Amino acid sequence: MTAAADLRLDFTQPPQVLARRLIGARLTLDGVGGRIVETEAYDAGDPASHSFSGPSARNAAMFGPVGRAYVSRIYGVHLCLNVVCGPEPGGAVLIRAIEPLVGIEDMRIRRGADAPRALCAGPGRLCQALGVTMAHNHVSLTAEPFVLEPPVAPLDIAVGPRIGITKAVDRPWRFALAGSAYVSRRFPGPGA
DNA sequence: CTTTTGATGCCCT
DNA sequence: GGGCATCAAAAGA
């Protein structure tokens, strides 16, 4: 009965490993959500990570128990949802895009948009669509109101550099479901 | 289609 | 005061 154990989520794994494992996982908040199709890893000691300069009021969740949410505000406007993880404090996986599956009407209302691809393609967008707020900071992702289920079977994963950062730009720590139309930005095609 | 730019809150120096 | 793990709207090609 342990064939599925290979896919089980282990939040003590390094962010680069868990970020891969989370592709295809099903995430819902109060019954609204879908399949994770894009993530990024932020490691302890990673210059691009919010945890790089050590614990602070803002990033405290990244130094707390694994398996919980780290919610942060960026550009003063948007929220980002992370999964705290890793063998040492300071690691997290940023959830960047979700393929909408359930609660789509709620998402449309919250987002003020109709196109399925405009609902959850981007960290700020998916937080708005799922109803994530700063009140979810430090909240466990493995208990209500969240449901987080690993993928049923291994999936084809695309890898590339992370987006929107200015440090450690070249680390290939962005992961996505290969060929998905719901990612925030396309990956470079085979031709270039 | 692509590139550019303003809005906006909070942490850090 | 600078800079940011973004988004949407506007302008150009």
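Small disclaimer: the values here were computed from a predicted structure and weren't measured.
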Open item on the list: Determine whether a donor-acceptor pair (N or O, by modelled atom type, separation under 3.5 Å) exists between the side chain of A/Asn82 and the backbone of A/Val84.
Closed with: no
Open item on the list: Output one letter per nucleotide in nucleotides 7-13 of chain C: B when a protein non-hydrogen atom lies under 4.0 Å from the base, S when only the sugar-phosphate is that close, - when neither is.
Closed with: SS-----
TODO: Under 4.0 Å between any heavy atoms, over every strand shown, what does A/Tyr70 touch: base, sugar-phosphate, or nothing? Just pick one.
DONE: base
TODO: Take nucleotides 8-13 of chain B nucleotide by nucleotide from the 5' end and write B, S or -, depending on whether a protein heavy atom sits under 4.0 Å from the base, only from the sugar-phosphate, or from neither.
DONE: BB-SS-
- [ ] Can you measure from CD1 (A/Ile36) to CD1 (A/Ile95) and round to the nearest 0.5 angstrom?
- [x] 4.0 Å
- [ ] Find the distance A/Asp43:CG to C/dA5:P and express it as a whole number of Å.
- [x] 16 Å
Open item on the list: Need one value for A/Thr166: base, sugar-phosphate or nothing, where a base atom within 4.0 Å counts as base even if backbone is also close, heavy atoms only.
Closed with: sugar-phosphate
Task: Rounded distance in Å - CG (A/Leu94) to C1' (C/dA5) - done: 6 Å
Would you mind writing out the side-chain donor-acceptor pairs for residues 171-178 of chain A within the sub-3.5 Å range, not counting sequence neighbours?
unit_1   : atom_1 : unit_2   : atom_2 : d
A/Arg174 : NE     : A/Glu38  : OE2    : 2.8
A/Arg174 : NH2    : A/Glu38  : OE2    : 2.9
A/Arg174 : NH2    : A/Arg185 : O      : 2.7

TODO: Quick one: which residue pairs count as a ring pair (Phe, Tyr, Trp, His ring centres under 6.0 Å) with a foot in residues 101-124 of chain A, not counting sequence neighbours?
DONE: none
Open item on the list: Applying side-chain hydrogen bond (donor to acceptor under 3.5 Å, both in side chains) as the test, list every pair that has at least one member in residues 23-37 of chain A; sequence neighbours left out.
Closed with: A/Arg35-A/Glu99
- [ ] Return each pair, listed once, that meets side-chain hydrogen bond (donor to acceptor under 3.5 Å, both in side chains) where at least one residue sits in residues 41-50 of chain A; pairs must be two or more places apart or across chains.
- [x] A/Gln16-A/Asp43, A/Glu40-A/Tyr42, A/Asp46-A/Arg162, A/Ser49-A/Ser51, A/His50-A/Arg58, A/His50-A/Tyr70
TODO: Report yes or no: does A/Asn137 contribute a side-chain atom to a donor-acceptor pair with the main-chain N or O of A/Ser72 at less than 3.5 Å?
DONE: no
TODO: Run the numbers on A/Phe11 and A/Leu141 for side-chain contact (heavy atoms from CB on, under 4.5 Å), then give the verdict.
DONE: CA-CA 11 Å; A/Phe11 297 108; A/Leu141 290 163; 5.6 Å; no
Task: Residue pairs passing the salt bridge (charged side-chain N to carboxylate O under 4.0 Å, His left out) test where at least one lies in residues 68-89 of chain A, sequence neighbours excluded - done: none
Please enumerate all protein N or O atoms sitting under 3.5 Å from an N or O of nucleotides 2-5 of chain B, with distances to 0.1 Å.
none

Going by atom type alone, with no hydrogens or angles, which donor-acceptor pairs under 3.5 Å involve a side-chain atom of residues 143-161 of chain A and a protein atom two or more places apart or on another chain?
none

TODO: Calculate the interatomic distance between A/Arg186 atom CZ and B/dC1 atom P; express it in whole Å.
DONE: 10 Å
Task: Euclidean distance, A/Leu9 CG relative to A/Leu22 CG, rounded to 0.5 Å - done: 5.5 Å
Task: Euclidean distance, atom CG of residue A/Asn82 to atom C1' of C/dA5 [Å, nearest integer] - done: 8 Å
Task: Secondary-structure string, 5' to 3', Watson-Crick or G-U under 3.5 Å, | for another-strand partners, for DNA chain C - done: ||||.|||||||.
Under 3.5 Å, sequence neighbours excluded: what are the donor-acceptor pairs made by side chains of residues 107-124 of chain A?
unit_1   : atom_1 : unit_2   : atom_2 : d
A/Arg108 : NE     : A/Asp114 : O      : 3.0
A/Arg108 : NH1    : A/Glu105 : OE2    : 2.7
A/Arg110 : NH1    : A/Ala129 : O      : 2.8
A/Arg110 : NH1    : A/Leu130 : O      : 3.3
A/Arg111 : NE     : A/Ala118 : O      : 3.1
A/Arg111 : NE     : A/Leu119 : O      : 3.2
A/Arg111 : NH1    : A/Gln128 : OE1    : 2.9
A/Arg111 : NH2    : A/Ala118 : O      : 2.7
A/Arg117 : NE     : A/Ala181 : O      : 3.2

Task: Set of side chain to side chain donor-acceptor pair (under 3.5 Å) partners for A/Arg20, sequence neighbours left out - done: none
